[in-house]
Amino acid sequence: MRLLNLLKIAFKAIVLNKTRTLLTMLGIIIGVASVIAMLAIGEGSKESIRTTISAMGSNMITIRPGADDRGPARGSGGNVQTLTLQDYEVIKEKSELLSYITPVVNSGGQVINGSNNWPSTIYGVNPDYLNIKVVGLQSGSMFTDIAVQTASKVVLIGQTVVDNVFPDGQEPVGQMIRFNNIPFKVIGVLEEKGENTFGQDQDDVVIAPYTTVQKRILAIDYLNQIMASAISEDDAPEAVTQVTDILRSQHKLTATEDDDFTVRSMEELISTFSSTSEMLTILLVAVASISLLIGGIGIMNIMYVSVKERTKEIGLRMAVGGKGSDILMQFLIEAILISITGGILGVILGLSATVFIEKFLNWPTSVALYSIIISFAVCALTGIFFGWYPARKASALDPITALRYE
Amino acid sequence: MPKEIIKIEDLKREFIMGPETVHALRGISFTINEGEFVTIMGSSGSGKSTLLNILGCLDQPTSGIYEIDGVKMKDLTRNQLATIRNEKIGFIFQSYNLLARTSALENVELPLFYNSKVSSEERRDRAIKAIEMVGLKERMDHTPSQLSGGQQQRVAIARSLVNNPVMILADEATGNLDTRTAYEIMSIFQELNKQGITIVFVTHEPDIALFSHRTIVLRDGNIIKDYKNTNVLSATEELAKLPKQED
Ligand SMILES: Nc1ncnc2c1ncn2[C@@H]1O[C@H](COP(=O)(O)OP(=O)(O)OP(=O)(O)O)[C@@H](O)[C@H]1O
Ligand SMILES: [Mg+2]
């Protein structure tokens, strides 16, 4: 009976203070929704990075010049020149855990076919490259070891390059194109791969024998990278150690010197990327926490101010016989009703926003249960606490003091 | 021997305002018996409201004794005081203190919300009856901001009646009313008093004091006069004597 009365009173008060109710709810709704949506983006990209990387071939091993900088997006080692063709040959000869291995040199440049012009990147590799990257051919064929030995001017091109320099739908294989003004014969077109998670177009490539790129385009004798495949995924970690040992002795590094190269398996790459997207998630969590904090402060403000404003009302209710506990209960019920309703609406909005982002922006998302629980709990508890606390203070006053409050 | 419903002894109330202390009540004593109709008079700032607030268990004295129905106020818990306010006392504030944006009827119902013995139908019935008594039946759905000062005052009076109190404490309850309405209200009070309800009525209008049995006059926190009224006027009769069209 008493509780029923208090429920009625609280409900009336909520309806009576529409603006306050709406503002408080808004704070909670936005706080909860933004946290859910942001964490969904973070979790989603983490998952998608993981799947993309494992699809790229999980026994791939990369060797880059320069010490480990742990940055996944740093290109091919810049102009560090510590990786040579000799390194490649020694590894190829000594490591029995690798099934394929290729040197890699790369350069940016213009692909030209008549009046069609396209900026792209040329990768100088050997025929193992296709097996390491797990790419097939749409048409034509891969160049041979002979072509590598003779530094022959042949290329394979990706679909994006085809689209841009052969816009008329001409068959590219057999045609001549120019890369940085050097004529090449197109001997094949790579299978279409699309964009990877990082938004890179994997079809915007030109493949040529590494000797050709080294001598005719870059005029260098070092390598940007060595790529290899372990004979199996399980052997990859062991292969990494082996390659490291081979390279250390090849580079004559003493026990106290650090590696001047970096060997990584896909496994490691996955964890590196995961830790990067972990960082992304942490960043998003930080942003979400800030919005939660701001939302919380908003809720706190509105609740606190409105209860303060209602000190007179509290005084009156006590004057006509309301007990301190009645007043507290009323404000607690109000705060709970507002906070819970706001929280539920916030969850609904957050989930809808996530669906919207996934559908219309095409961002991968994944809603984490903990984000719902945490944001809901934080907002609801803030709302409840700051509805309760000033009410408790006011209800401890003598009725006349509360009534006099301005 | 009539029952002493209110007994105060050397009651003091001081307000500390920074370095200054305001002595609103400087040690006053009196007793009021059950069924009395007392007016408290005095100039502005003499301590009338301060006294009434203490009598209404809304405020605590700085020192001195207040016994209500034989029980010392000091010995009562906050909850017991709340129950007394809820069930025994009808209090009319000088400044009405109505809930804003809440209909007159709901304002009148308010005390009964805190009395779990009263069902919701009874609550409504009693509130309507109280509001009828003060002549505001047609206005019971209006909110305070839609009512005149006098009408708000009458809502406050109805609210003080709704819990069938044993004692009504009114602070300038007719302060905003024209003579006719004031007399109408006084006749209600006289009627309630006849039924045995004790009434303490603060006013600064001497003609209102004529309707009571006894007048206590305050000045500067002290009682300067406390006298029985030998010739109590009947508000109903005085009302009849007023010219019909007053405006
Ligand atoms: N809360 C308070 N804080 C400080 N001083 C107060 C407080 N309440 C009352 N006073 C002081 O106590 C004195 C008595 O005030 P009180 O309200 O009792 O006067 P009153 O007789 O009711 O006057 P009025 O006829 O104007 O209503 C005044 O000097 C007033 O300034
Ligand atoms: Mg006063």
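Hydrogens, waters and symmetry mates are skipped; everything else that's a heavy atom, side chains included, is used. In what follows, chains carry the letters A, B, and so on, assigned in the order in which the sequence lines appear, proteins first and then strands, with residues in each chain numbered from 1.
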Using every non-hydrogen atom in the two residues, find where [X] and [Y] come nearest and quote the distance to one decimal.
X: V108(B); Y: P111(B); value: O-CD, 3.2 Å
X: Q60(B); Y: R13(B); value: O-NE, 3.2 Å
X: A173(B); Y: I157(B); value: O-CD1, 3.8 Å
X: G315(A); Y: A402(A); value: CA-CB, 3.5 Å

key: L316(A) versus chain B, the contacting section by heavy-atom distance below 4.5 Å   = side chain
message = What part of R404(A) gets within 4.5 angstrom of chain B, counting heavy atoms only: side chain, backbone, both, or neither?
response = side chain
message = I need the contact set between residues 61-92 of chain B and chain A: heavy-atom distance under 4.5 Å, sorted by residue number.
response = R78(B), N79(B), A82(B), T83(B), R85(B), N86(B)
query = Which region of N53(B), side chain (C-beta onward) or backbone (N, CA, C, O), has a non-hydrogen atom less than 4.5 Å from a non-hydrogen atom of chain A, or is it both or neither?
reply = side chain
ask   = Quick one: are F30(B) and I216(B) in side-chain contact, heavy atoms under 4.5 Å?
value = yes
key: Heavy-atom check, side chain of M133(B) versus side chain of L192(B), under 4.5 Å   = yes
Value rounded to 0.5 Å, distance of [atom1] in [X] from [atom2] in [Y]:
X: F356(A); Y: T365(A); atom1: CZ; atom2: OG1; value: 12.5 Å
X: I29(A); Y: S34(A); atom1: CD1; atom2: OG; value: 11.5 Å
X: D10(B); Y: K12(B); atom1: CG; atom2: NZ; value: 5.0 Å

note = Max heavy-atom pairs within cutoff under 4.5 Å with chain B, candidates R317(A), E313(A), K312(A), goes to R317(A)
ask   = Just checking heavy atoms, which of residues 379-399 of chain A are less than 4.5 Å from chain B?
value = S395(A), A396(A), L397(A), D398(A), P399(A)
Full working for side chain to side chain donor-acceptor pair (under 3.5 Å) between T21(B) and E14(B) = CA-CA 6 Å; T21(B) 305; E14(B) 290 161 6; 5.8 Å; no
ask   = Distance-only, no hydrogens or angles: does the S339(A) side chain make a donor-acceptor pair with backbone N or O of I336(A) under 3.5 Å?
value = no
